[in-house]
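Here's the structure, in structure tokens; my notes come after.
The basis for the numbers below is simple: all heavy atoms, side chains too, and nothing from hydrogens, waters or symmetry mates.
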Amino acid sequence: MYFYLKNLSPTQQIGALFVLVFGLLLAASITAFSFTIREFADETEAENRRAQLRSINGIIRTSWFMVVVFWLGWMMGNRVALTLFALVSFFALREFLTLSPTRRGDHRSLVLAFFVVLPVQYWLVAAEHFDMFAVFIPVFVFLALPVVSALANDPQHFLERNAKLQWGIMVCIYGMSHVPALLMLHFPGYDHRNAFMVFFLVMVVQVCMVTQHLMGRWLQRKPVAPAISTSFNWPSWWIGISVASVFGAALAGITPWVPGTAFAFSFIACLAGSLGHFVMKALKRDRGIPSWGKEGRAVTGAGGLLDRVDALCFAAPVFFHSARWYFDL
Amino acid sequence: MLAKLMGYFLLGLVRLLTGSQARWYGCPPKAEQRIYFANHQSHADLVMIWAALPEELRHVTRAIAARDYWTKTPFRHWLTSAVFNVIYVSRERTADEDPLEPLIEALGRGDSIILFPEGTRGHQGLPQAFKAGLYNLAAKFPQAVLVPAWINNVQHVLPKGEVVPVPVLCSVTFGAPLHLEPGEDRRAFLDRARNAVIALRDV
């Protein structure tokens, strides 16, 4: 089996991988659906189960969404993948800024963020200007946007407003753009398989989040910061990261690394991803909302898109730059 | 044809920029004669409600636009008449003309209308006091269903004086229909209507 897979061309390997993943997702969806049919004698018990199922269904939907995005990206080539990720950035930023309202004076900065910074950042990725792409937002944009806001002559909450905008850009544009940027790196001896790297990152982070979530429910430990998250606790966090890193090591075959290195990279990605997700939760609590999609109701039509990708937005830049540094690219 | 394409283009644009979500709380979208009344904060309000309505209602629901502003250039005129099919009203009051005349005519023909009873765009979070037009129309057309609506967030999309819109999620919340009680005082009714609109802000 292993050698059969090893001898396939990269394209066939990626195809086989997607077949496997779609199969797994389908199985998960069917299992979740079959649970919804079950009846309960006790009404409160049933309500509990239904709430659990809803959150699990949310995770399954996330996974479907991401896998379909990657599949499309892989089918259509790098440019299309980049465009897809740019759209995800756009919708995520729209969500972020809707729920962190800005003032009139920020209008021009917002226009710049959506219609200049976002396209330029993705163009830099497409053109493989990696050095510029890494500093464009934190150096140039973060100095330019406050100037535009200041010119609007409104000092009220100036620091706060800029912080909101810059956080939105950092997470939704900068972080997100590092995921498709993985497609553009030239790893030694790893041609035409970069889709695997994106897949690896997403799978590992997603496994970490799911494991952590399930462990949190099962262990029922005291939360670390109950005002921010009622489910985040250190034991389930550790288990989530360890499980995902072992999973990453098992996936070493699709990366340019040996299992040990793959383990280390998974560990770094999960650390950044899970803590990033936690930070985004703090931002949500500050706004008094349970999720970026208003109370679970789809305001975007995409329904809390940012909830689905926030861990990835934090994991991607750390993963990307670690990989670049490791290979000295 | 061109007007139709423009309509679809605007619809796509509005959806992209605002997500344009319609939230029907107090009543379902229904093909009956209605007077929608909402808070008014931006030029885009008209397009928001228009985009929030299902397609089959969009054709029979007409908004109100100021004649002097919206017929100033040929493009504006075409946009408002061919695409949106608005009802023009004049803002200057002349002695021999009732400003409600065009609205009465449209309602008499069975169209639904979209009304912004504040008369002008507000700057504060809360709508200004409602003008008498809503009361007069409600008294004249008792069969028309009065539906309050709250338009959320649109003022962030395109503040006064800016030209490039910014993508922010907006929604239109439609509430439970109102009725003019027999013998109800004008001011009391208008306040009740205003409160019905404000109440939708928090649902």
So what's closer than 4.5 Å to chain B heavy atoms on A:Arg108: side chain, backbone, both or neither?
-> side chain
If you draw a 6.0 Å radius around CG in B:Leu5, do more than 12 non-hydrogen atoms from other residues or ligands fall strictly inside?
-> yes
Does CZ belonging to B:Arg76 count more than 12 external heavy atoms closer than 6.0 Å?
-> yes
Which heavy-atom pair separates B:Pro165 from A:Phe115 by the least distance, and what is that distance?
-> O-CE1, 3.2 Å
Side chain to side chain contact (heavy atoms under 4.5 Å, CB included) with B:Val166: of A:Leu110, A:Leu112, A:Asp106, only one passes, and it is A:Leu110
If every non-hydrogen atom of A:Thr98 is compared with every non-hydrogen atom of B:Leu169, which pair is closest and at what distance?
-> OG1-N, 2.8 Å
B:Arg186 atom CZ, over 12 foreign heavy atoms within 6.0 Å | no
